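These values consider heavy atoms only, across backbone and side chains, with no hydrogens, waters or symmetry-generated copies. Just so we're clear, the structure is a prediction, and the values are computed from it rather than from any experiment.
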Amino acid sequence: MDLNLVRTFMAVYQCQSYTKASELLALTQPAVSAAIKRLESEIGKQLFIKKGRGIEATSKAHALATKFQFALDTINDAVNDKNTVSVYCAEIILHSLVGLEQINFAESPRSQSMLFEHLREQKVDLVLDVATIKDSAFVIEEVYVEPAVVVCSKFHPRIQGRLTKEMYYRESHILYSGRWQGLNGFEQMAEEPIEERKISLTASSIASVALFASHTKGLGLISYSFAKRWEKQLDLAIYPCPIKLSHVKYKMIYHKRYINDPQHRKVRQQIIDKLSKKKPLMEWMGL
């Protein structure tokens with residue numbers, strides 16, 4: 001059955017008038033009348049009878065209205081059901097966002113090319129990451145900035161209370177294996193000439209960097225928010241990096257097809273609102 005016939009019938013039934021129903025549906029009155037006649041032809045029963053200058057629903061119309069309304073409500077629920085928005089999120093900020101409604105989070109793939117490929121193929125709806133690309137098909141908005149900090153065990157035998165550049169380079173380091181355009185995070189963020197570091201361990205995730213830093217003598221470089229999240233649980237000491245680094249810049253990336261999508265816009269605003277609450281945590285960094 002044509003769903004438009006059902007919607008037209010319900011408009012006439014609720015308005016008890018072809019004229020009012022046509023105004024409600026933005027159709028001509030003859031079109032509404034023709035739709036009702038088609039429906040009556042399909043079910044083999046008269047649905048409305050004339051009464052004075054108006055119309056009145058028949059018993060068959062009352063029975064249909066109950067069933068049709070249930071069916072329309074089911075359809076509307078299905079159409080308007082807020083399916084979760086699929087979001088790739090960098091590990092270093094994911095901990096700050098989990099729990100938001102209507103969002104299915106997954107860690108960003110380590111391959112930047114795969115990340116944008118999945119956006120193009122609509123395998124993911126939104127990305128929160130430090131990655132970037134020059135492509136007019138995507139909207140890229142900077143939504144959050146924070147510093148990278150040095151972490152180590154608060155029981156470290158040589159680093160207690162302060163961390164100088166000389167001390168930093170004397171110690172061994174735990175390196176995150178992720179690379180962007182052939183460079184690791186430290187190399188990408190450095191705003192001054194850097195010296196070679198002694199790498200004692202290479203970790204496959206930022207969480208592993210924090211974990212190994214807490215249980216070894218190695219130093220790790222991670223985002224401030226991630227360090228604060230696990231500071232007490234892992235007995236971490238947090239220090240401003242003595243090497244001049246640019247801040248970690250998180251970007252919200254999505255295809256232009258979603259600019260005006262109501263659900264997508266709502267999710268984007270949820271994320272922005274959540275991240276905006278984190279700013280007071282960074283006053284000690286002067287941000």
Side-chain angles (χ1 to χ4, degrees), residues 87-96 106-120 124 126-152 163-213 216-227 229-230 236 238-254 275 282 285 287:
V87 178
Y88 278 157
C89 187
E91 176 196 11
I92 46 180
I93 199 173
L94 181 58
H95 67 94
S96 302
E107 284 188 26
S108 298
R110 297 183 64 186
S111 167
Q112 181 170 313
S113 61
M114 182 181 294
L115 186 152
F116 289 103
E117 180 182 336
H118 286 183
L119 273 175
R120 289 190 186 92
V124 65
L126 180 67
V127 166
L128 288 166
D129 207 289
V130 297
T132 190
I133 190 174
K134 290 183 178 180
D135 190 322
S136 60
F138 298 110
V139 177
I140 301 179
E141 304 171 347
E142 188 174 292
V143 292
Y144 184 64
V145 177
E146 67 176 323
V149 294
V150 179
V151 293
C152 65
L163 178 63
T164 65
K165 186 181 297 187
E166 292 73 23
M167 296 165 65
Y168 180 81
Y169 281 121
R170 279 200 301 266
E171 297 297 328
S172 61
H173 296 261
I174 301 162
L175 180 69
Y176 171 52
S177 60
R179 300 182 74 83
W180 299 265
Q181 300 175 334
L183 301 174
N184 61 46
F186 180 69
E187 293 167 337
Q188 275 211 328
M189 292 186 291
E191 294 186 343
E192 64 177 75
I194 58 176
E195 301 176 18
E196 186 175 353
R197 296 175 300 166
K198 185 174 89 173
I199 305 302
S200 60
L201 188 149
T202 299
S204 61
S205 68
I206 298 298
S208 294
V209 172
L211 182 62
F212 286 123
T216 69
K217 298 175 184 178
L219 308 185
L221 186 70
I222 62 177
S223 69
Y224 171 76
S225 63
F226 197 93
R229 170 66 179 81
W230 295 103
L236 290 172
I238 304 173
Y239 298 95
C241 186
I243 313 303
K244 187 177 180 181
L245 303 177
S246 61
H247 294 315
V248 185
K249 298 177 180 179
Y250 302 97
K251 303 171 188 69
M252 182 181 287
I253 309 166
Y254 54 96
L275 291 176
M282 309 213 298
M285 294 299 297
L287 293 182

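With sequence neighbours excluded, no residue forms a side-chain hydrogen bond (donor to acceptor under 3.5 Å, both in side chains) with S246. Under the side-chain hydrogen bond (donor to acceptor under 3.5 Å, both in side chains) criterion, E192 pairs with K165, not counting sequence neighbours. With sequence neighbours left out, the side-chain contact (heavy atoms from CB on, under 4.5 Å) criterion links I199 to H173, L175, R197, T202. When the side-chain contact (heavy atoms from CB on, under 4.5 Å) test is applied to I194, the partners found at least two apart in sequence or on another chain are Y169, F186, E187, A190, I243. Qualifying salt bridge (Lys or Arg N to Asp or Glu O under 4.0 Å) partners for E171, counting only residues two or more places apart in sequence or in other chains: R158.
The CG atom of L211 sits 9.0 Å away from atom CG of L236, with the distance rounded to the nearest 0.5 Å. Note that OH of Y224 is 12.5 Å distant from NE2 of H247, once rounded to the nearest 0.5 Å. For the atom pair L221 CG and C152 SG, the distance stands at 12.0 Å (nearest 0.5 Å). Distance CE/M252 to SG/C89: 9.5 Å, rounded to 0.5 Å.
M189 and A148 make their closest contact through CE-CB, 3.8 Å (heavy atoms, listed as atom of the first residue, atom of the second, distance). Closest approach of A207 and E91 over heavy atoms only: N-OE2, 2.8 Å.
Sequence neighbours left out, not one pair with a member in residues 243-254 passes salt bridge (charged side-chain N to carboxylate O under 4.0 Å, His left out).
Using a 4.5 Å cut-off on side-chain heavy atoms (C-beta onward), S208 and L201 make no contact.
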